[in-house]
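What follows is one structure encoded as structure tokens, with my remarks underneath.
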Amino acid sequence: MWAYAQRNAHKDTPKKLYYPNNPSDITYLCSMKLLSQYIKEAIQKLYGISQCPIEIQHTRKEFEGQYTLLCFPLAQYIKKSPQEIAQEIGTYLHQNSPYIHKFNVIKGFLNLSLSDLFWKAVVFKTLQENENFGKNEQGKGKKILIEFCSPNTNKPLHLGHLRNLLLGDSMANILQYCGYEVIRTNLYNDRGAHICKSMLAWQKFGQDKTPQTENIKGDYFVVHYYIMAENILKTQTHTILQKWENGNFEGIPQDIQEKYQILTQKLHELEQNPKKDLKKITQIQEDIRELAQTQTEWFKAVQNMLSEWEAGNQEILTLWKQMNTWVYQGFEHTYQKLNITFDRYDYESQTYLLGKELVKKGLAKGIFYQKADNSVWIDLTAEKLDQKLLLRSNGTSVYITQDMGTAVQRHEELNLYQSIYVVASEQDYHFKVLFSILKKLGYEWASRLYHLSYGMVYLPTGRMKTREGNVVDIDALINEMYQVAQKATQDLGKTEGLNEQELTYLYHQLALSAIKYYLLKVDPQKDIVFNPEESIDLQGNTGTYLQYTYARIQGIFRKAQEKDLVHFYHAKTDNYNQLHTTERNLLVHLYRFEEVILQAAQHYSPALVANYVYELCRLYAQFHHEVIILHDSNPDAIAFRVQLNAICGRIIHQSLKLLGIQPLERM
RNA sequence: GCACUCAUAGCUCAACUGGAUAGAGCAACUGCCUUCUAAGCAGUAGGUUACAGGUUCGAGUCCUGUUGAGUGCACCA
């Protein structure tokens with residue numbers, strides 16, 4: 001099971017617009033919103049219609065042009081066929097703008113080709129001069145808290161956490177790039193029965209041992225005892241079950257016996273049923289096992305320790321702190337390897353009592369209700385959710401109560417604009433309920449809470465379970481990929497000129513890029529089947545390809561610098577006017593960077609950045625293949641290409657950083 | 001039983017959120033290294049977008065139903 005989380009309107013005439021005095025005006029021409037302004041004015045001129053929908057999209061690459069106006073929706077406003085309309089608007093724009101030098105009409109699609117003058121004088125210039133192209137200030141003055149990773153402290157981090165960590169880290173980067181002040185927090189689920197299990201096992205078998213004496217990472221050290229505890233529990237449960245099956249209920253309370261009888265009866269019925277509902281049968285079997293488990297010595301000892309912990313038993317608290325510290329040290333090591341950092345850590349042991357006051361408040365307001373046994377509930381059936389317990393009959397809080405408290409506390413203390421929870425999709429329901437409760441309590445920020453839900457990561461053998469040992473943990477995965485990268489590099493004979501330290505860095509970063517890109521390029525919502533042997537490739541659509549492209553770009557850049565081409569030719573790029581197709585394609589795509597960043601932030605999807613940068617690298621590879629950047633009879637061409645090369649490098653660099661990948665200067 | 005999510009080439013993923021002839025990579029086959037990194041480029045082949053209806057100028061995308069897979073429905077976290 002995963003670790004749970006705590007888990008402008010323009011008033012100028014069209015003509016003026018096409019000949020802007022201020023260069024910054026022109027840059028907006030590319031923004032489809034502004035292009036739509038011009039088209040609106042064309043329609044106004046041609047047909048005298050001022051209110052109609054303008055739909056523009058990027059032209060698909062199998063057609064000529066860069067922007068496409070969809071004329072189908074216009075047909076009902078202008079009483080003509082979409083083709084006719086496309087033809088007329090195209091002609092008008094062509095005649096009235098030097099930037100639109102060509103157009104073609106296919107069915108109701110008007111494909112506009114902007115002139116090389118536009119791509120050179122406007123786009124290229126913008127990219128060249130604006131070092132921060134792509135950055136925006138959408139989030140200026142707004143503070144966002146993003147909670148991610150959020151593991152239990154009884155076992156090492158595995159693939160599920162990895163996807164979580166990468167999504168959280170990348171999302172935080174993207175939001176920062178959009179001007180938000182981002183606070184990264186990690187909420188440790190540091191209390192509960194699972195921790196007590198490790199503690200008990202250590203007390204019994206490991207008193208004299210520490211991670212240092214055993215020379216292993218702290219989290220591995222602790223999980224060793226956790227598994228030990230689970231095995232004891234399993235054995236004891238098995239013994240009890242056997243007794244029960246033989247009718248021996250010595251020392252078992254009456255109510256447990258009755259429950260057992262009811263369950264076995266149900267199981268019997270299900271097994272007799274010709275339909276054989278396997279899912280239900282396993283469910284009942286699991287219920288029986290859990291029932292037996294509650295009667296084991298070990299389980300009782302765990303429960304006992306848990307209450308001692310809650311009562312503040314010093315000896316236990318000291319041990320608890322010690323165990324957790326070992327785990328944290330292990331985790332930190334893994335974060336470091338991943339190159340991921342947090343701004344703060346929250347601990348469930350410090351938040352689990354929060355939220356009770358809120359429940360009282362809600363009760364007073366009549367938002368919640370109390371049952372006869374004193375437990376407190378909320379009825380969300382009107383929103384197609386169920387009734388949900390908020391406070392137990394003994395007055396203690398449950399998971400959601402503390403999440404309510406934590407949310408309110410954070411927002412009040414930090415004055416947050418928004419909180420984002422990166423938590424697996426199995427908790428979709430929990431967050432729906434949580435957000436709904438907070439809205440009902442009247443917090444204005446509640447409507448901006450966001451659950452960044454992501455699909456599960458499965459192995460080809462199915463779901464990972466720590467208890468069953470079929471887990472791919474992060475450290476092992478990194479090591480494995482490190483070796484793959486090392487072997488590939490050595491086989492290709494690319495180790496020359498690098499010392500051992502540089503090689504270690506190279507292999508490590510290559511391993512990380514492969515892993516990170518592989519997990520981030522997939523839409524967060526979708527499940528991933530992860531095959532350690534086959535899934536991670538070094539060729540094609542991979543992190544390695546991105547690094548390779550970047551390294552080549554930097555190689556050329558260095559060579560250009562050696563030849564002093566960068567500065568020498570800088571002034572001459574203006575003379576280069578006839579663009580190669582691959583050059584134009586690159587400029588078109590480079591210019592979309594800004595838009596992609598906004599989309600990624602809006603949809604909470606680093607995958608959009610990943611797909612963007614892959615496409616950019618592909619276009620660059622074509623460009624690189626078609627022209628020889630540093631050799632041409634026309635020096636102006638070289639000047640331009642050296643600059644274009646540098647711009648590609650910059651945007652790829654930036655994209656990789658947003659994905660949490662460290663770009664490599666050579667490989 | 002109820003709720004939510006997913007289903008696209010043999011495999012892993014796209015498709016700018018309703019637009020054109022559904023695109024990439026891997027695997028297979030074929031070409032390209034005496035000028036910048038071949039971890040690359042170009043090409044061939046591969047599809048009734050799970051199935052059936054519906055909405056409209058237009059559906060992989062929206063609605064309904066069917067099938068299949070996953071997840072959730074605890075006084076656990």
Side-chain angles (χ1 to χ4, degrees), chain A residues 1 3-7 32 55 57-63 68 70 72-73 75-76 81-82 106-109 111 152 189 191-194 280 348 352 371 373 375-377 384-386 388-394 396-400 402-403 424-430 432 453 455-456 458 463 485 488-489 491-492 494 510 518 521-523 525-531 534-535 537-542 544-545 547-549 551-560 592 595-596 599 603 607-608 611-612 614-615 618 621-622 624-631 641-642 645 666-667:
Chain A
M1 198 177 293
Y4 280 123
Q6 289 311 328
R7 341 131 245 49
M32 294 193 283
E55 245 189 282
Q57 56 187 219
H58 296 280
T59 304
R60 301 183 68 104
K61 55 186 165 187
E62 56 268 37
F63 301 97
T68 297
L70 302 180
F72 302 98
Q76 52 181 304
S81 75
I106 300 170
K107 294 189 207 168
F109 297 93
N111 299 322
N152 290 342
N189 182 9
R191 65 174 206 109
H194 51 280
K280 275 195 175 161
E348 201 207 290
Y352 81 106
K371 284 192 178 173
D373 63 0
S375 58
V376 180
W377 297 72
K384 285 179 93 178
L385 303 168
D386 294 322
K388 181 82 190 172
L389 175 92
L390 301 179
L391 224 51
R392 295 190 186 103
S393 48
N394 66 10
T396 56
S397 54
V398 291
Y399 181 44
I400 199 154
Q402 88 188 355
D403 260 356
S425 62
E426 41 184 9
Q427 293 198 56
D428 285 354
Y429 182 77
H430 170 76
K432 268 187 197 161
S453 166
M456 315 285 272
Y458 297 99
R463 190 170 175 161
T489 308
D491 287 352
L492 288 165
K494 296 198 176 186
L510 280 176
Y518 181 79
K521 71 171 179 175
V522 182
D523 185 289
Q525 194 190 21
K526 296 197 172 172
D527 290 345
I528 291 180
V529 176
F530 189 94
N531 188 331
E534 295 166 20
S535 292
D537 224 312
L538 298 182
Q539 266 135 33
N541 188 353
T542 64
T544 312
Y545 176 73
Q547 291 285 24
Y548 175 69
T549 309
R552 276 165 122 190
I553 289 174
Q554 294 308 97
I556 290 172
F557 187 73
R558 283 191 298 271
K559 212 158 249 184
R592 290 185 65 173
E595 169 194 335
V596 168
Q599 271 175 17
H603 296 289
L608 296 176
N611 293 330
Y612 169 84
Y614 170 65
E615 180 65 17
R618 275 190 65 235
Q622 286 168 359
H624 178 276
H625 185 258
E626 290 285 324
V627 307
I628 297 163
I629 296 169
L630 299 177
H631 295 85
R641 286 166 188 161
V642 166
N645 181 72
R666 61 188 86 217
M667 65 183 268

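These numbers were taken from a predicted model, which means no experiment stands behind them.
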Checklist entry - How many Å lie between CG on A:Asn645 and C1' on B:C36, as a whole number? => result 9 Å
Checklist entry - Do A:His430 and A:Ile400 have side-chain heavy atoms sitting under 4.5 Å apart? => result yes
Checklist entry - Would you say the side chain of A:His624 lies within less than 4.5 Å of the side chain of A:Thr549, judging by non-hydrogen atoms? => result no
Next on the checklist: Between B:G19 and A:Phe72, is there a base-stacking contact, meaning the centre of the base's six-membered ring lies under 5.5 Å from the residue's ring centre while the planes stay under 30° apart?
Outcome noted: yes
Checklist entry - Would you say the side chain of A:Ser397 lies within less than 4.5 Å of the side chain of A:Leu391, judging by non-hydrogen atoms? => result yes
Item to check | Any donor-acceptor N or O pair under 3.5 Å, side chains A:Tyr399, A:Gln427 | outcome: yes
Checklist entry - Which listed nucleotide (B:C76, B:C36, B:U37) is nearest to the side chain of A:Ile628? => result B:C36
Checklist entry - Side-chain N or O of A:Gln402 less than 4.0 angstrom from OP1 or OP2 on B:A77? => result no
Checklist outcome for this item: Of the candidates B:G19, B:C13, B:A38, the side chain of A:Tyr548 sits closest to B:A38
Item to check | C1'-based separation of B:A77 from B:A7 [nearest Å] | outcome: 31 Å
Next on the checklist: Using atom C1' in both nucleotides, what's the gap between B:G47 and B:U30 to the nearest angstrom?
Outcome noted: 23 Å
Item to check | B:U12 glycosidic torsion: syn (within 90° of 0) vs anti | outcome: anti
Next on the checklist: Need one value for A:Lys432: base, sugar-phosphate or nothing, where a base atom within 4.0 Å counts as base even if backbone is also close, heavy atoms only.
Outcome noted: sugar-phosphate
Checklist outcome for this item: Taken to the nearest whole Å, NE2/A:His631 to C1'/B:U37 is 15 Å
Checklist entry - With a 4.0 Å cut-off on heavy atoms, is A:Thr396 in touch with a base, just the backbone sugar-phosphate, or nothing at all? => result nothing
Next on the checklist: Using modelled atom types and a 3.5 Å cut-off, is there a donor and acceptor pairing between side-chain atoms of A:Asn645 and backbone atoms of A:Arg641?
Outcome noted: no
Checklist entry - Cut-off 3.5 Å, side chains only: do A:Thr542 and A:Asp537 have a donor facing an acceptor? => result no
Item to check | Side chain A:Asp527 and base B:A7 donor-acceptor under 3.5 Å | outcome: no
Item to check | Assigned partner base of B:G60, Watson-Crick or wobble definition, under 3.5 Å | outcome: none
Checklist entry - Side chain of A:Tyr429: nearest nucleotide among B:C36, B:G72, B:A39? => result B:G72
Checklist entry - Under 4.5 Å between any side-chain heavy atoms of A:Arg592 and A:Glu615, yes or no? => result no
Next on the checklist: If I compare all heavy atoms of A:Pro82 with all of A:Gly108, which pair ends up nearest, and what's the gap?
Outcome noted: CB-CA, 3.8 Å
Quick one: which protein N/O atoms are closer than 3.5 Å to N/O atoms of nucleotides 41-44 of chain B? Pair and distance per line, please.
| from | atom 1 | to | atom 2 | distance (Å) |
| --- | --- | --- | --- | --- |
| B:C41 | OP1 | A:Tyr545 | OH | 2.7 |
| B:C41 | O2' | A:His625 | ND1 | 2.8 |
| B:A42 | OP1 | A:Gln622 | NE2 | 2.8 |

Checklist entry - When we call it a touch if two heavy atoms are under 4.0 Å apart, what does A:His624 touch: a base, just sugar-phosphate, or nothing? => result base
Next on the checklist: Taking B:U17 as the reference, what is the distance to B:G58 when you measure between their C1' atoms (whole Å, please)?
Outcome noted: 16 Å
Next on the checklist: Apply the syn/anti split at 90° from 0 to B:C33 and say which one it is.
Outcome noted: syn
Item to check | A:Lys521 NZ - B:G23 P separation (whole Å) | outcome: 19 Å
Next on the checklist: When the P atoms of B:G68 and B:G23 are compared, how many Å lie between them, rounded to an integer?
Outcome noted: 32 Å
Item to check | C1'-based separation of B:A59 from B:A69 [nearest Å] | outcome: 24 Å
Item to check | Options B:C36, B:C73, B:C16, nucleotide nearest the side-chain atoms of A:Arg592 | outcome: B:C16
Item to check | Residue matched to B:U17 through Watson-Crick or wobble contacts both under 3.5 angstrom | outcome: none
Checklist outcome for this item: Taking a pair to mean Watson-Crick or G-U wobble geometry with both distances below 3.5 Å, B:C2 pairs with B:G72
Checklist entry - What about A:Lys526, does its side chain sit under 3.5 Å from the base of B:U5 through a donor-acceptor pair? => result no
Checklist entry - Whole Å only: how far is the CG atom of A:Leu389 from the P atom of B:C76? => result 8 Å
Checklist entry - If you check the A:Tyr399 side chain, which of B:U5, B:C16, B:A77 turns out closest? => result B:A77
Checklist entry - Under 4.0 angstrom, heavy atoms only, what part of the nucleic acid is A:Asn111 near: base, sugar-phosphate, or nothing? => result base
Checklist entry - Paired with B:G43: which nucleotide, if any, by Watson-Crick or G-U wobble criteria at under 3.5 Å for both distances? => result B:C29
Checklist entry - Could you give the CD1-to-P distance, from A:Ile400 to B:C75, as a whole number of Å? => result 13 Å
Item to check | Under-3.5 Å donor-acceptor pair between A:Thr68 side chain and B:A20 base | outcome: yes
Checklist outcome for this item: Closest non-hydrogen contact found for A:Leu70 with A:Pro73 is O-CD, 3.4 Å
Item to check | Separation of atom CE in A:Met456 from atom P in B:U71, rounded to whole Å | outcome: 6 Å
Pairs under 3.5 Å (N/O, protein and nucleotides 26-28 of chain B):
none

Next on the checklist: Centroid distance below 5.5 Å plus an interplanar angle below 30 degrees: do A:Phe109 and B:A20 meet both conditions?
Outcome noted: yes
Next on the checklist: What's the gap between B:C33 and B:A38 when it is taken at their P atoms, as a whole Å value?
Outcome noted: 12 Å
Next on the checklist: With rounding to the closest Å, how many angstrom separate the P atoms on B:C16 and B:G60?
Outcome noted: 12 Å
Checklist entry - So what does A:Pro73 hit on the nucleic acid, given a heavy-atom distance under 4.0 Å: a base, only sugar-phosphate, or nothing? => result base
Checklist outcome for this item: Any strand, both distances under 3.5 Å, Watson-Crick or G-U wobble: B:U37 pairs with none
Next on the checklist: Pick the closest RNA chain B nucleotide for A:Lys371 and for A:Leu608 by heavy atoms, then say which residue is nearer the 5' end.
Outcome noted: A:Leu608
Checklist entry - What heavy-atom pair brings A:Asn111 and A:Thr68 nearest, and what distance separates the two atoms? => result OD1-OG1, 2.7 Å
Checklist entry - Of all heavy-atom pairs between A:Asp386 and A:Tyr429, which one has the smallest distance, and what is that distance? => result N-OH, 3.1 Å
Checklist entry - Which part of the nucleic acid does A:Phe63 contact within heavy-atom distance under 4.0 Å: base, sugar-phosphate only, or nothing? => result base
Checklist entry - Would you say B:U21 has OP1 or OP2 under 4.0 Å from some side-chain N or O of A:Lys107? => result yes
Checklist entry - Less than 4.5 Å apart, any side-chain heavy atom of A:Tyr614 and any of A:Lys521? => result no
Checklist entry - Just how far, in rounded Å, is P of B:U5 from NE2 of A:His430? => result 18 Å
Checklist entry - Rounding to the closest angstrom, what is the interatomic distance between B:C75 and B:G70 at atom P? => result 26 Å
Next on the checklist: If you assign each of A:Asp523 and A:Ile556 to its closest nucleotide in RNA chain B, which residue comes earlier from the 5' end?
Outcome noted: A:Asp523
Item to check | Spacing of A:Ile528 atom CD1 relative to B:U12 atom P, expressed in whole Å | outcome: 12 Å
Item to check | Plane angle bin for A:Phe72 and A:Phe109 - parallel if under 30°, tilted between 30 and 60°, otherwise perpendicular | outcome: perpendicular
Next on the checklist: At 4.0 Å (heavy atoms only), tell me whether A:Val376 reaches a base, stays on the sugar-phosphate, or touches nothing.
Outcome noted: nothing
Checklist outcome for this item: In this structure, OG1 of A:Thr489 is separated from NZ of A:Lys494 (nearest 0.5 Å) by 8.5 Å
Checklist entry - For A:Gln599, which contact category applies under a 4.0 Å heavy-atom criterion: base, sugar-phosphate, or nothing? => result sugar-phosphate
Item to check | B:A22 pairs with, by Watson-Crick or G-U criteria that keep both distances under 3.5 Å | outcome: none
